[in-house]
Asker: 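This structure is in structure tokens; I'll ask about it shortly.
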Amino acid sequence: MAQKTPEIYSVELSGTEDVGKTDTGDGKEKYRGLKDKRLELKKNHQKEELKKEVDLEDHKLSIKELERKYGTNIVTGLSSTQAAELLARNGPNALTPPKETPEIVKFLKQMVGGFSILLWIGAILCWIAYGIQYFNDKSSSLDSVYLGCVLALVVILTGIFAYYQEAKSTNIMASFSKMIPQQALVIRDSEKKTIPADIRLLSTQGCKVDNSSLTGESEPQSRSCEFTHDNPLETKNIGFYSTTCLEGTATGMVINTGDRTIIGQIASLASGVGHEKTPIAIEIEHFVHIVAGVAVSIGILFFIIAVSMKYYVLDSIIFLIGIIVANVPEGLLATVTVTLSLTAKRMAKKNCLVKNLEAVETLGSTSIICSDKTGTLTQNRMTVAHLWFDNQIFVADTSEDHSNQVFDQSSGTWASLSKIITLCNRAEFRPGQESVPIMKKVVVGDASETALLKFSEVILGDVMEIRKRNRKVAEIPFNSTNKFQLSIHETDDPSDKRFLMVMKGAPERVLEKCSTIMVNGQEQPLDDSTAEAFHTAYMELGGLGERVLGFCHLYLPADKFPETYSFDVDTVNFPTSNLCFVGLLSMIDPPRSTVPDAVTKCRSAGIKVIMVTGDHPITAKAIAKSVGIISANSETVEDIAKRLNIPVEQVSKRDAKAAVVTGMELKDMSPEQLDELLTDYSEIVFARTSPQQKLIIVEGCQRQDAVVAVTGDGVNDSPALKKADIGIAMGIAGSDAAKNAADMVLLDDNFASIVTGVEEGRLIFDNLKKTIAYTLTKNIAELCPFLIYIIAGLPLPIGTITILFIDLGTDIIPSIALAYEKAESDIMNRKPRHKKKDRLVNAPLAIYSYLHIGLMQALGAFVVYFTVYAQEGFRPSALINLRVEWEKDSVNDLEDSYGQEWTQYQRKYLEWTGYTAFFVGIMIQQIADLIIRKTRRNSIFQQGLFRNKVIWVGIASQIIIALILSYGLGSVSALNFTMLRPQYWFVAVPHAILIWVYDEVRKLFIRLYPGSWWDKNMYY
Amino acid sequence: MTKKEKKSFNQCMAEWKLFLYNPTTREFLGRTTKSWGLILLFYLVFYGFLAALFSFTMWAMLQTLNDEVPKYRDQIPSPGLMVFPKPVTALDYSFRVSDPESYRGYVDDLTKFLKSYDLEEQKNLTACPDGALREQKGPTYTACQFPVVSLKGCSGVEDPEFGYSTGNPCILVKMNRIIGLKPQGKPRINCISKKTATLSTYPSNGTIDLKYFPYYGKKLHVRYLQPLVAVQVAFNTTSTGKEVTVECKIDGSPNLRNQDDRDKFLGRVVFKITMHA
């Protein structure tokens, strides 16, 4: 068979030999069936379907049935025409990339989201107002048209900005996924082969596959032709697309390609699981609602007041616009975006790559983390953890660099054991890595042998050299039937002509072959007491969840086995019994050294860490204990039963804090029982779970109102990653599907990085509160002028354009600067915020900003305004109800308090000076506002006035922008700024100082009387 | 769907009711009576303090002011021109010679405006020498008489209708008062019109006498009368339905500006007279 369409077939699982060619093709029936199924799935059965195991029947069929089903022949394969036909019908063997939202839709969303609607309304009202004006008087001024255009421009510009920020952060992700090459279908000249499609295996030879990308199980799994399990994911006769074949060869028949493979199905289903709204998005929406509500209600209220005060409807509309513009913090959403992306950058430096900006904060509000074990909590490599020889258990160093091996190495037994470890091992370092530290070297061989090789290399030095000195003459490799591995070597002692036979394997099998045991370097007969000691040690190590290997050796007598003796491994012409048992060695995938600390931090931060793993419960529990997910003094129901020696049923569930739940138990649980489990136990480990069950666990947690973070790497994890409030994919081990579904990627796969992320997320929430409080404050100072203008008829104190210059000019950099503020207290010592109770913008924040500081600011700005008018000739008393005369174009001899007469333009210019004065008044007080917002509870002096340098950059920017507007652009009449006398810049300073003092007093009382009435009403 | 919505609506109402008054915690609008009392007391004290503070700062600010002269006069360096009768909206006078009602408003306005220029009113004022600035040192400041007869036909003495009834309407032009303004040269009001009409200005040549300057402000310079210039329009043809646009400017004084792109009334005024038969 020639390889005509290589995307579809060319199934070559091992580089050594092509046993045969297999063909592809799924019958039309099958295809249609799947399609129907998918249609049905779309009718919102998706999640239910997902929680069931994936549906596949082919593993149950016999070869003959398969041939019939797919209309093929396992020897000759499909004809080339059939193959082409199938290719045309089913498409190439590739996954459809997930659907992207079109850029234009994303862009338009930015244009209508948030406050944009309000501003659009403002702009349209402007144009309507002009329309009415034009209808009455053809020569009316174009001012309101310009204002409408400016408002529209503001919306469009902030929209473009937000879109750009969003796109930029997405680009980080895109560039990141380019860094990791997409897995090629077949990697030649290397040890691993990726399986190109779903395959029903027809013949195998010692085939082992790594299904970790699919099921998350790191252990290699053997593959054979027999149907072993109803669940297609568990059965041995199916090889899955995108999994890798580690060793052996196999031939199979392609049953599914592309999107129809198991992985393809999961990936497409995952994209169907609705993405939850992020907590910060909810908070911002809530905030927008509050502000918009205030804006609209005040606007309408004053519209009615204005109309009933007999203002023209046209004027009332213009008031309405002013009120809306004053109330809407135009720059705030852009500021929030910048703030979030600054944090995202900071997190990326700490190995948390955030795909979705809003996820930055989600991590901070996380209350439950469902973590994988392998690779996230552990180092994802087997490591020697314990040794047993001379009737003693020794602890080996399992830290990342193995540097500190402290066990007793003086015993003669250790000398023999180390020799066996070194020699009875087929793993080798890949050449050309001399400069790489031992622990980082790439090894050819399976996980256990790699662990042993590195272990011996660290302790004994150059293993290859030792092996060279002890030339290998024969070898029986490990297989699952005899469960041991054996090799025969020459010794490196020139005077010793004997051959050394070394063996390792399953401890009980190795012990069976032994008649003596080495203790302190001396061979002793293996009696019942030593066998008992062996069993105790074996059970103890096994109980730690470790994989135990037994080691033994035998010096073959030189008389029977001379130097020239030819060993034959097929006939086994040498003894394999009555050997000398030397010791046990146990291995585990050890926890990362930073994880226990991180788990402790999580605990003090009120975050529940739940382990969800596909591993064996004993291993899972052991790791959970060693990293602190199950704390040292807590017990499971089973532990208590064992300690008290009573049946499990009699143990009161209340006594147990921890629980280890297997996937089988979880399968039988109702949602209510799961809820109970999740609330009753504070320390939970889920073992032997399938990735589908992860989704169930996530949903269970979400029912408790928790914000759930989930880690995952396999394709199968992607639904859970999507469902979670924040899905965290592994950057190294993670599959592309998982990364696609996730909100965040951990570049170093390290659980500890999540915790630093949590810290950043919490900080940003606090700082956003400060930013919003800062921004909201001046809204009152901008709003009051309009209200006073309508009610008391003063000349307008501040213009709409001027307000925009505050919101989008002087205030932008300071509000971003608050994002750089350090935490006030240890944010990792408090509970995660409650999704529904701890709001970003709560009543005290709004009230304190609006009715306290905002009002003080308004008063301060009015003082500047009145000063300017009074010193130019209009005393405050003269201003009241002056509005109508003041604004009449035909009045060109308006008399001031001193008898002088003003033309309309002279008044207008004075009005602009008033705008500038009011603007400067607000700006000066916003400096004080910025300083007080640095903290919410502590005194500014506790926090350090100069610690956050960016704040000072912000203050400088405020002053410089204001100076430029007044003195630089003061002559541009369209901007309504004038050159202000220098002394007016200082009029509001006393008010600014008052704001600072008042806020210090507020904070002092909050600190002095925590929980008091003051604290409840004044702390935001 | 609808059922669900209805339920949530009912829930909503129940929640609102509970918010309005919660009998178990005796909370009214989310606060107990005590809490409301404290809040009200707090705001009473707080806002009382703010009001007092604001009043104090305003008072302090007013102390910096001078009663007689405003602190700064930079925003009105040069006077504007204004016309009487006071225009209602735009500077557009329109009347019918044959219909006294159509110009009644204008005549009344002029009469009212010239009331303070009555001989009777002016008898306590000083008769000042012509042609020179009249700087005074105080403490009392006197105002100069303005001989209303100098306005001739527009003084309202001879013709109480100000020429409206004869088709030769009068418009008074005045210069805005500015404290301390000292015009240089020989200021005069120069009015021009485009063809169709001849203009006569009174006093002759539209002169504004320097003796009325400088002005010392409402408080010091009581009963100050500002100089006036009258413009009388005489249409060239006798045909009915005439229209004329008149532009008046301050002339002959280098420190009084009469040309500004933005301020159309700075040292000048443009008005239109439409006369129907």
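Everything numeric in this text was worked out from a predicted model, so none of it was measured. Every heavy atom of this structure was used, including side-chain atoms; hydrogens, water molecules and symmetry mates were not.
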Asker: Output the distance between atom CD1 (Ile76(B)) and atom CG (Asp896(A)), rounded to the nearest 0.5 Å.
Answerer: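 These two atoms lie 6.0 Å from each other.
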Asker: Under 4.5 Å heavy-atom distance to chain A, tell me which part of Lys174(B) shows up: side chain, backbone, both or neither.
Answerer: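 Only the side chain of Lys174(B) comes within 4.5 Å of chain A.
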Asker: Most heavy-atom pairs under 4.5 angstrom with chain A, which of Arg262(B), Arg73(B), Lys71(B)?
Answerer: Arg262(B)
Asker: What part of Leu994(A) is in contact with chain B, defined as an atom under 4.5 angstrom from a non-hydrogen atom: side chain, backbone, both or neither?
Answerer: side chain
Asker: Take atom OH of Tyr146(A) as the centre, draw a 6.0 Å sphere, and report whether it contains more than 12 heavy atoms from other residues, nucleotides or ligands.
Answerer: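 For Tyr146(A), atom OH is not crowded (no more than 12 foreign heavy atoms under 6.0 Å).
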Asker: Using a 3.5 Å distance criterion without hydrogens, assess whether the side chain of Gln904(A) forms a donor-acceptor pair with backbone atoms of Phe265(B).
Answerer: no
Asker: Give me each pair satisfying side chain to side chain donor-acceptor pair (under 3.5 Å) with a member in residues 846-857 of chain A, each pair once, sequence neighbours excluded.
Answerer: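 Of all non-adjacent pairs touching residues 846-857 of chain A, those that pass side chain to side chain donor-acceptor pair (under 3.5 Å) are Tyr848(A)-Asp999(A), Tyr848(A)-Arg1002(A), Ser849(A)-Arg933(A), His852(A)-Tyr998(A), His852(A)-Tyr43(B), Gln857(A)-Gln926(A).
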Asker: Measuring from atom CG of Asn892(A) to atom CE of Met82(B), what distance do you get when rounded to the nearest 0.5 angstrom?
Answerer: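 Asn892(A) CG to Met82(B) CE: 5.5 Å, rounded to 0.5 Å.
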Asker: Chain B heavy atoms under 4.5 Å from Pro990(A): which part of the residue, side chain, backbone, both or neither?
Answerer: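 Neither part; nothing is under 4.5 Å.
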Asker: Taking side chain as everything from C-beta outward and backbone as N, CA, C, O, which of these in Phe54(B) sits under 4.5 Å from a heavy atom of chain A? Side chain, backbone, both or neither.
Answerer: side chain
Asker: Below 4.5 Å from any heavy atom of chain A, which atoms of Leu53(B) appear? Answer side chain, backbone, both or neither.
Answerer: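 For Leu53(B), the contact with chain A is made by the side chain alone.
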Asker: Side chain, backbone, both or neither: which part of Glu68(B) has an atom under 4.5 Å from a heavy atom of chain A?
Answerer: backbone
Asker: Taking only heavy atoms into account, what residues of residues 1012-1020 of chain A are found under 4.5 Å from chain B?
Answerer: Trp1013(A), Trp1014(A), Asn1017(A), Met1018(A)
Asker: If contact means a heavy atom pair closer than 4.5 Å, which residues of residues 59-67 of chain B contact chain A?
Answerer: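 So the qualifying residues are Met61(B), Leu62(B), Thr64(B), Leu65(B), Asn66(B), Asp67(B).
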Asker: Run the salt-bridge test on Arg981(A) and Asp74(B) with the 4.0 Å N-O cut-off and return the result as yes or no.
Answerer: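 Judged by the 4.0 Å cut-off on N to carboxylate O distance, Arg981(A) and Asp74(B) do form a salt bridge.
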Asker: Please check if the side chain of Asp263(B) supplies one atom and the backbone of Thr903(A) the other of a donor-acceptor pair under 3.5 Å.
Answerer: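 Side chain of Asp263(B) to backbone of Thr903(A): no pair is present.
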Asker: Mind ranking Thr57(B), Asp260(B), Val69(B), Leu181(B) by heavy-atom pairs under 4.5 Å with chain A and telling me who comes out on top?
Answerer: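 Max contact count across the listed options: Val69(B).
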Asker: At a 4.5 Å cut-off on heavy atoms, which part of Thr913(A) comes close to chain B: side chain, backbone, both, or neither?
Answerer: side chain
Asker: Can a donor-acceptor pair be found, under 3.5 Å and without considering hydrogens, that links the side chain of Arg177(B) to the backbone of Gly899(A)?
Answerer: yes
Asker: Would you say Tyr1009(A) has more than 12 foreign heavy atoms packed within less than 6.0 Å of its OH?
Answerer: no
Asker: Which members of residues 213-225 of chain B, sorted by number, sit under 4.5 angstrom from chain A on a heavy-atom basis?
Answerer: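 Within residues 213-225 of chain B, near chain A: Tyr215(B), Gly217(B), Lys218(B).
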Asker: Answer with side chain, backbone, both or neither: which region of Val269(B) has an atom nearer than 4.5 Å to a non-hydrogen atom of chain A?
Answerer: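 For Val269(B), no heavy atom lies under 4.5 Å from chain A.
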